[in-house]
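Structure, as structure tokens:
All values reported here derive from a predicted model rather than from experimental measurement. Quick note: residue numbers are just sequence positions, from 1.
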Amino acid sequence: MNTKLKSILAFTGMMMILPVNAQQIIVETADTTITSNHLFTTPNGEYTQLAFNAKGVATYSCNTIKDKANTTLILQDGTMYVMVCEPKKTQKLKLERNKTGKVIGKLSGANADMAELFTEFTKFSPEMDYNEETSPADIKKKSTEASNKLDEQYKRLVILAKKLKNKEDVEQNLVDIEKAYLKNRLSLLENEDYLTHRDPREDNRVMQLVAEIDPNDTLSLSNDLITSFIYAHFPERITKDMSAENYGIGYINTVDKYVTNKEIRDLLMEGIINNMLGTTTPFNIDAFWQVAKEKVDPSIIERFQYIVDAKKKTKAGMKCPDITFSDAEGNKHHLSEFKGKLVYIDLWATWCGPCAMEIPKLAKHIEEYQGNNKVEFISISLDENMKAWKNRIAKEKLQWPQFIANAEENKMISKTFGVMSIPRFLLINADGTINDADAFRPSDEKFKEKLDAALQLY
């Protein structure tokens, strides 16, 4: 399954016999290879794969909805078909291959015009199949070609939107199309400027489009146009060599200068603080936080203050607090019990998807270091449900030391290390000092290289 397909939400559903008046989605194909490894999303964002019968027909019931709602079928190559459920209505999608082998989808039934529009909208993005190794002349040529294709997609979307029967649907979709068209054109030009080492702020084409953006309009936020606006008004050119604190400070100052809508302003300020405090890139946190306290709403500052405090107190070389946790039998343990060894700590929970993805990789690394008495691997669950934790340990057959933090210990660990999200990994030196309070993940390709480097200190 490719990366694009994995990144799209889907869930698991079943075939069922439906009454004549039920709302349903019917997908039909005589070629079952088309739907192999597909994904399907429900109106509430759950995951599934449709169950096709011997005739190649799958039916999904939308019996929980009270108004129009979207579902999406995603094929293995990432192609998407959006379908619209509506009470007491049926929509059908027939999939087949043409003479060249290309998959063709034909929508019919209720709301087919809207489904066709939404399906076409999923393809509405600029093609940027070039990089820094592409010559400047070819970059401009490919960018122009992509722009022309974008114009054609835009025209088709407008035609499809105007075919909708409801006037409000027409107006709303035309607005959405215009905003997306503006964002796509900006993305193309910004990418072209980046690859040709040109400052977008000095590109009249970019600035003319940016002039159409209202930074205090919530639609600019939902379509991510606000990012282009902020970058175009940055106090200095954004480059990959720019320090993290200068980027963060520049972002805050730009938002402070141009955004007066409190809802948008707070969302942007909270977003940049979250990104800055969540980065593993070293930066001058004092300089950044000083500006943040001057320009950001105090309630936001208060929510993040403990993370700033934690980062200052858990720098490399500082003594690590002796946190506590318990084993499956309820016995309390201290981190200091492992002093004398390099300790790699995994903070996780059974409900955390990204955590689950790291576990097999961590298990493999632990196996590689088996017999090495200089390093210890431990996992500390932040679960509230001990039964779920014990069941997962048994199911996964996790062989290395497993612990769980109760509510008070969880709070202490999160406050001590400024835990914003999990999985989170800590690396503690054999002498009890901190090596890295936000360490490399098991999935890091250089995991062994980095761990071995830490081991060489002893």
Side-chain angles (χ1 to χ4, degrees), residues 278 280 310 314 319-448 450-452 454-455 458:
T280 57
T314 56
K319 184 179 179 180
C320 183
D322 193 17
I323 58 175
T324 61
F325 33 83
S326 301
D327 58 30
E329 286 70 44
N331 301 311
K332 187 177 289 293
H333 293 266
H334 291 259
L335 179 60
S336 57
E337 295 174 23
F338 301 96
K339 192 172 182 179
K341 293 183 178 182
L342 181 70
V343 187
Y344 185 84
I345 304 173
D346 164 31
L347 300 179
W348 72 295
T350 58
W351 46 261
C352 169
C355 299
M357 293 175 68
E358 294 289 342
I359 288 176
K361 298 177 177 66
L362 178 57
K364 185 177 180 181
H365 290 308
I366 292 174
E367 186 177 348
E368 291 174 351
Y369 284 90
Q370 191 171 10
N372 188 328
N373 59 8
K374 291 185 177 181
V375 62
E376 185 75 64
F377 296 88
I378 68 173
S379 290
I380 303 174
S381 169
L382 304 183
D383 272 290
E384 295 180 359
N385 188 331
M386 182 173 285
K387 183 178 179 180
W389 171 64
K390 289 182 177 180
N391 288 341
R392 177 64 67 84
I393 292 174
K395 181 181 178 181
E396 300 289 341
K397 298 180 181 179
L398 306 181
Q399 300 301 311
W400 61 96
Q402 299 291 323
F403 303 101
I404 190 168
N406 61 33
E408 184 178 341
E409 292 167 335
N410 186 336
K411 184 177 180 180
M412 180 57 66
I413 291 172
S414 297
K415 182 178 180 180
T416 298
F417 295 101
V419 178
M420 299 172 65
S421 61
I422 53 176
R424 173 76 175 268
F425 301 92
L426 315 171
L427 191 61
I428 311 302
N429 293 320
D431 62 1
T433 58
I434 295 170
N435 181 294
D436 192 342
D438 195 355
F440 44 93
R441 295 188 173 202
S443 57
D444 190 324
E445 293 181 356
K446 295 184 178 181
F447 180 94
K448 191 174 187 307
K450 292 177 179 179
L451 193 64
D452 285 348
L455 282 169
Y458 310 104

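- Between L362 and S379, the closest side-chain pair of non-hydrogen atoms falls below 4.5 Å.
- A distance-only check finds a donor-acceptor pair linking the side chain of K390 to the backbone of A328 [under 3.5 Å].
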Q. Checking side chain to side chain contact (heavy atoms under 4.5 Å, CB included) for the pair S381/W348: CA distance, chi angles, key distance, verdict?
A. CA-CA 5 Å; S381 169; W348 72 295; 3.8 Å; yes
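- A distance-only check finds no donor-acceptor pair linking the side chain of T433 to the backbone of N429 [under 3.5 Å].
- When the options F338, Y369, F447 are evaluated for a ring pair (Phe, Tyr, Trp, His ring centres under 6.0 Å) with Y344, the one that passes is F447.
- Not a single donor-acceptor pair under 3.5 Å links the side chain of N435 to the backbone N or O of L427.
- Here H334 contributes atom NE2 and D322 contributes atom CG; the two are 6.0 Å apart, rounded to the nearest 0.5 Å.
- Annotation: the span from H333 atom NE2 to I380 atom CD1 amounts to 11.0 Å, rounded to 0.5 Å.
- L335 has its side chain within reach of I345: a pair of non-hydrogen atoms, C-beta onward, lies under 4.5 Å apart.
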Q. How far apart are the C-alpha atoms of E376 and W400, what are their side-chain angles, what is the distance that settles it, and do they pass the side chain to side chain contact (heavy atoms under 4.5 Å, CB included) test?
A. CA-CA 9 Å; E376 185 75 64; W400 61 96; over 6 Å; no
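- Between the side chain of N410 and the backbone N or O of A405, no donor-acceptor pair lies under 3.5 Å.
- The main-chain N or O of N406 is found under 3.5 Å from a side-chain atom of E409 such that the two form a donor-acceptor pair.
- Checked by atom type and distance alone, the side chain of R392 never pairs as donor or acceptor with a backbone atom of W351 at under 3.5 Å.
- Closest approach of A310 to G418, counting heavy atoms only: CB-N, 3.3 Å.
- Within 6.0 Å of the NZ atom in K341, the count of heavy atoms belonging to other residues, nucleotides or ligands exceeds 12.
- Taking CG from D346 and CZ from R424, the interatomic distance works out to 12.0 Å, rounded to the nearest 0.5 Å.
- Closest heavy-atom contact between S326 and W389: O-CH2, 4.4 Å.
- Taking every heavy atom of both residues into account, T350 and A388 meet most closely at CG2-O, 3.7 Å.
- A side-chain donor-acceptor contact under 3.5 Å links E358 to the backbone of S443.
- No more than 12 heavy atoms of other residues, nucleotides or ligands shown are found within 6.0 angstrom of CE on M357.
- Put simply, the side chain of N372 reaches to within 4.5 Å of the side chain of L455, judged on heavy atoms.
- Expressed to the nearest 0.5 Å, how far NZ of K415 lies from CD1 of I413 amounts to 14.0 Å.
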Q: For F417 and C320, run side chain to side chain contact (heavy atoms under 4.5 Å, CB included): C-alpha distance rounded to whole Å, both residues' side-chain angles, the deciding distance at 0.1 Å, then the answer.
A: CA-CA 10 Å; F417 295 101; C320 183; 3.7 Å; yes
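- Taking both residues in full, the closest heavy atoms of F377 and I366 are given as CG-CG1, 3.5 Å, listed atom of the first, atom of the second, then distance.
- For the pair D383 (side chain) and N385 (backbone), a donor-acceptor distance under 3.5 Å is absent.
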Q. Please walk me through it: do M412 and F325 pass side chain to side chain contact (heavy atoms under 4.5 Å, CB included)?
A. CA-CA 10 Å; M412 180 57 66; F325 33 83; over 6 Å; no
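- Taking all atoms of both residues into account, the shortest heavy-atom contact from I393 to Q402 is CD1-CB, 3.7 Å.
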